Every structure is written in structure tokens, then in C-alpha cells.
Amino acid sequence: MTSSSSPSQDEQSFERTRTESLRADALMEEDVAWSHEIDGERDGAQYDRAERAALRRVAGLSTELEDVTEVEYRQLRLERVVLVGVWTSGTVQDADNSLAELAALAETAGAMVLDGVIQRRDKPDPATYIGSGKAQELRDIVLESGADTVVCDGELSPGQLIHLEDVVKVKVVDRTALILDIFAQHAKSREGKAQVALAQMQYMLPRLRGWGQSLSRQMGGGGGGGMATRGPGETKIETDRRRIREKMAKMRREIAEMKTGRDLKRQERRRHKVPSVAIAGYTNAGKSSLLNRLTGAGVLVENALFATLDPTVRRAETPSGRLYTLADTVGFVRHLPHHLVEAFRSTMEEVGESDLILHVVDGSHPAPEEQLAAVREVIRDVGAVDVPEIVVVNKADAADPLVLQRLMRVERHSIAVSARTGEGIEELLRLIDDELPRPSVEIEVLVPYTQGGLVARVHAEGEVVSEEHGAEGTLLKARVHEELAAVLAPYAPVAP
Ligand SMILES: Nc1nc2c(ncn2[C@@H]2O[C@H](COP(=O)(O)OP(=O)(O)OP(=O)(O)O)[C@@H](O)[C@H]2O)c(=O)[nH]1
Ligand SMILES: [Mg+2]
């Protein structure tokens with residue numbers, strides 16, 4: 001399609017080119033010369049200028065349901081949303097991916113995505129996130145599409161949220177609130193629920209609004225505060241704040257107690273020297289699928305973000321018969337809200353204290369490298385840098401072979417698998433076996449047949465080098481951990 005030269009204002013505002021994702025949509029300001037051949041010669045500057053001025057509509061984002069019954073079924077939580085992103089750096093593709101991920105998040109939260117637009121800017125507008133002119137256009141899109149919520153692809157300041165809401169006249173939420181909402185919907189365990197609630201309160205605290213605030217805004221807002229702006233509403237907010245703070249303190253204590261319970265369990269596992277493997281990775285990468293494939297555990301797998309919020313720990317066995325634990329973890333996401341990282345820190349510490357991390361990445365995703373980097377950032381954040389890592393490139397069945405090759409080349413310690421088809425799983429199991437810490441003490445013991453349980457323990461917890469069944473018992477040569485070596489010490493054959 002050749003772009004029309006200077007389309008009329010009406011065409012500019014309402015023509016939709018959903019299929020041409022690179023085409024800036026017709027929402028530009030009047031001053032933009034859009035007469036250039038889009039596919040023809042345009043230098044970078046022009047491109048930039050056009051992009052800066054345009055709210056670029058991202059194609060294929062609409063998840064408007066065709067089946068009416070499905071709409072009704074979802075009606076309860078259904079919000080009709082328009083997504084908006086500010087694109088400050090990176091390529092068009094990056095910007096599109098980011099908005100596509102926001103769409104997936106919104107859907108996971110139960111919303112219906114009607115439209116998505118991106119504005120090119122050096123940085124978000126301090127007042128309204130997108131520029132004020134663009135905010136007006138966004139208002140038109142909201143009206144036209146019948147949306148009841150705008151979702152911004154970032155964390156907005158309390159002020160930005162208020163100002164943008166004033167313009168678009170529907171609820172405005174940001175990426176952080178959306179992720180918090182999903183976590184709140186998905187948390188099952190008491191601890192998970194408490195962690196999410198804490199994070200939500202933390203997020204809410206500076207964003208509390210009552211009519212005290214609108215009052216102060218009416219009275220000129222922004223400036224000095226002072227007695228004049230201090231209405232009864234503000235006092236109410238102060239009371240609310242205090243109540244929330246008290247609740248948060250209580251919640252923190254509860255979480256700390258629950259953590260103690262989990263720590264005990266972990267210590268128990270450590271005492272038995274069962275090596276632990278943590279499966280970490282970006283949300284929807286296939287962590288739970290992999291856990292199921294490796295252990296046959298029935299863990300919830302869903303094509304939704306953050307299907308897993310409560311860490312599941314399963315027992316597994318290497319091909320050589322050594323036991324280890326395998327833990328599924330909460331998925332990561334770019335710009336994971338800071339409050340959540342804090343709230344889930346204790347859960348994520350599991351990753352930090354494991355003996356090996358299986359870092360799962362979706363090989364069929366458009367930007368797997370970005371996902372790897374985002375996850376590593378959080379791993380660094382929780383101080384889990386010393387744990388050896390195997391990069392497990394999953395969904396090899398669906399991935400572009402060239403992308404797989406690229407990842408294998410860059411990631412030294414990596415393997416391509418498919419949790420779905422089972423491809424590469426055998427090899428992964430062997431890799432895990434190689435990477436798990438070796439028990440350090442070499443022993444040679446003669447275990448009487450009456451102590452069969454000990455022989456079984458050596459098999460499970462150590463590595464058997466040789467085993468002979470003699471008249472007096474089982475002659476074992478093996479490598480075991482110190483504690484088991486101490487238990488076995490009495491059975492060392494006496495030197496002749
Ligand atoms: N094609 C393909 N799809 C896969 C594979 N592994 C998982 N999936 C799909 O990817 C989606 C996410 O899988 P999960 O195992 O729930 O992913 P997860 O990493 O546990 O996700 P969260 O718990 O939400 O963070 C599901 O729809 C799976 O069916 C695979 O090897 N190939
Ligand atoms: Mg999962």
C-alpha cells in the first residue's frame with residue numbers, strides 16, 4: 001500500500017491499518033509531513049520525527065472475542081482496555097514486543113484488549129506520561145472503542161496517573177498495578193497471598209486518593225500545601241495511610257513467621273544433603289512443563305502469565321540414581337515491580353540457595369535474549385550469582401532453528417529441549433547429573449544385611465563405585481557426604 005499524501009484530518013483520525021504494523025497510524029498531529037513514501041527513501045530523522053509525533057497503533061493486539069458466549073462467561077472480571085506505551089529506546093520491534101507482552105499480561109488479568117498505541121518520545125511526559133496532545137487523542141480512542149480502562153506500559157507516578165485520568169476520563173492503571181493484580185488472582189498459599197497483599201499495599205500507599213486530594217487540586221494544586229488545602233478529606237487519607245501501615249507491619253511479621261517454617265524444611269533437606277535444583281525463568285517459558293516432564297509431577301501448566309506463584313518442590317532422581325529436589329518457581333517478567341521483588345524475596349531465595357539453576361527460556365519467543373537478561377537481573381538482585389546455571393532453551397519444537405543456534409553459541413552452558421515433545425530431556429537429565437555437587441568422602445564399608453537401610457541411603461545420597469554381596473554383608477565402595485560417612489564409620493572393615 002502506498003501511503004496517501006496528506007490525508008484529510010478525518011481520515012487521519014479514523015483510518016485503521018491494523019495489518020501494517022510498521023506504519024504509523026493516522027493519529028498524527030497536523031504538522032507532520034506524512035507525504036513521504038513510507039517504504040521509499042526516508043532518512044532516520046524523518047522517521048523519528050514522524051514516530052515522535054504519532055501514536056503508533058500496534059497491529060494484531062486486539063483480543064476482542066468473537067464468541068459471544070465467551071464474553072458472557074468472562075463478564076465478571078472483564079475490563080475493556082486500551083494499551084499505551086511510551087517508546088524511548090530500542091527498535092520498533094522492541095517496542096512492539098513490549099506492548100504485546102503488556103497485552104498478554106492484560107489478558108491474563110482477565111481484560112479484553114481493544115487497542116494499543118505507542119508514542120515515540122525521549123522520555124515519558126512528567127505530567128501525563130504520554131504528551132498532552134496525545135492524551136487527547138487517546139481520549140478519542142477510548143471513546144470510540146468503548147474502553148473502560150487504559151493500561152500504561154510502565155510504572156507511573158501517582159501524579160501521572162491522576163493527570164492522565166483527568167484527560168481520558170476512564171480508569172488508568174500501570175504495568176505494576178496490572179502485575180500485582182495478576183499475582184493477587186493467582187496466589188494460592190497463605191504465604192503467597194500475604195506477599196502479594198503486602199506488595200499491593202506498598203504500591204497503594206502513595207497513590208491513595210480521597211476528596212482531600214481533589215480538593216487541593218481544585219484549590220490550585222501542586223503548590224505549597226499549607227493550611228488552606230488541608231480539608232477533612234486529607235485527614236481521612238492520613239488515617240487510611242496509618243491503617244495501611246499498621247496492616248503492612250502485621251503482614252511483614254506474618255510473612256517472617258511463615259518463612260521460618262519454610263526455612264526449617266529447607267534446612268531439613270540440606271541436612272540430608274539432598275542437592276537442590278531450581279527451575280527459574282521468564283514467565284510462560286515452560287518451567288512447570290519442564291518440571292512435569294522431568295518428574296512426572298502434575299503441576300499447573302497454562303498459557304497464561306504467572307500460572308505458578310507458589311513454589312513447588314519435587315523429588316527427582318538422576319539417571320545414575322542420585323536423589324535431588326527440583327523446585328518450580330515464580331516466573332519473572334521485565335520490570336518486575338520492585339515491591340514484588342521485595343515481597344517475593346524469600347521465595348526467590350530458594351533459587352539463590354540451590355545447588356544448580358535450570359534457567360528456562362522460551363526459544364520460540366521473539367526476544368529470548370532479553371528474557372534471559374531480565375531474569376539474570378533479578379537473580380543478581382536476590383544475590384544468587386554464585387549458583388551454577390544451565391540455560392535450558394525450551395520449546396525447541398516451535399522455535400526457529402537459527403535462533404536456537406544463536407542461543408547455543410552465545411550461552412556456553414546451554415541445551416535445547418522441548419518439554420512438550422521430550423526432545424533433549426534425556427541429555428538434560430545427564431547434564432544435571434554432571435552438575436550436581438559430588439559427595440566428597442570416599443568410603444569402603446561392609447554393611448551387615450541387617451542394616452539394609454544404610455545401603456539404600458548410600459545409593460540415594462551418594463555415588464556407589466562398587467557393590468559386592470559377601471557372606472557377612474554388602475561390601476560397598478562409594479562416595480558420600482560427610483554426615484553419611486560418619487554414620488557408616490562403624491562399618492569400615494577392620495584392617496587385617
Ligand atoms: N510448543 C511448546 N510449548 C510449550 C513447551 N513447554 C511449554 N509449552 C507451553 O507454554 C505455556 C507455558 O507453560 P508453563 O509450563 O505453564 O510455563 P511456566 O514457565 O511455568 O509459566 P508461569 O508459571 O506462568 O511463569 C503452556 O501453554 C505450555 O503448553 C514446549 O516445549 N513446546
Ligand atoms: Mg509455571
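Because the structure is predicted, anything quoted here is derived from the model rather than measured. Ligands are counted one by one from 1 in listed order, and the atoms in each one are counted from 1 as well.
For the ligand labelled ligand 1, residue Ala285 lies inside the 4.0 Å heavy-atom shell.
Contact check for Leu358 versus Leu294: side-chain heavy atoms found under the 4.5 Å cut-off. Counting heavy atoms from C-beta outward, Leu291 and Arg314 have side chains that approach closer than 4.5 Å. Contact annotation: the side chain of Arg457 approaches that of Leu484 to within less than 4.5 Å [non-hydrogen atoms, C-beta and beyond]. Between Val173 and Thr149, some side-chain heavy-atom pair lies under the 4.5 Å cut-off.
Of the polar atoms of Ala398, none of the N or O atoms is found under 3.5 Å from an N or O of ligand 1, judged by distance alone. The shortest N or O to N or O distance between Ala396 and ligand 1 is not under 3.5 Å. Geometrically, ligand 1 and Asp328 share no nitrogen or oxygen pair separated by less than 3.5 Å. When only interatomic distances are considered, the shortest N/O to N/O separation between Lys287 and ligand 1 falls below 3.5 Å.
Listed by number with element, the atoms of ligand 1 under 4.0 Å from a non-hydrogen atom of Thr283 are 22 (P), 24 (O), 25 (O). Near Ser288, meaning under 4.0 Å from one of its heavy atoms, ligand 1 places the atoms 15 (O), 18 (P), 20 (O). Of all atoms in ligand 1, listed by their number and element, those nearer than 4.0 Å to a heavy atom of Asn394 are 5 (C), 6 (N), 7 (C), 31 (O).
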Mind listing the side-chain donor-acceptor pairs of residues 420-432 below 3.5 Å, one per line with the distance, residues two or more places apart or on another chain?
from: Thr421; atom 1: OG1; to: Ser418; atom 2: OG; distance (Å): 3.1
from: Thr421; atom 1: OG1; to: Glu423; atom 2: N; distance (Å): 3.3

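Contact annotation: for Asp397 versus ligand 1, heavy atoms closer than 4.0 Å belong to the side chain alone. In Asn292, neither the side chain nor the backbone holds a heavy atom less than 4.0 Å from any atom of ligand 1.
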ask   = side chain to side chain donor-acceptor pair (under 3.5 Å) between Asp153 and Ser98: does it pass, once the steps are laid out?
value = CA-CA 8 Å; Asp153 193 11; Ser98 185; 2.6 Å; yes
inquiry  = Test side chain to side chain donor-acceptor pair (under 3.5 Å) on Glu435 and His413; report intermediate values, then the result.
reply    = CA-CA 11 Å; Glu435 284 297 321; His413 211 47; 2.9 Å; yes
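Residue contact annotation: Ser288 places an N/O/S atom under 2.8 Å from the Mg ion (ligand 2).
Ion pairing of Glu155 with Arg207 is present here, as a side-chain N (NZ or NE/NH1/NH2) and a carboxylate O approach within less than 4.0 Å.
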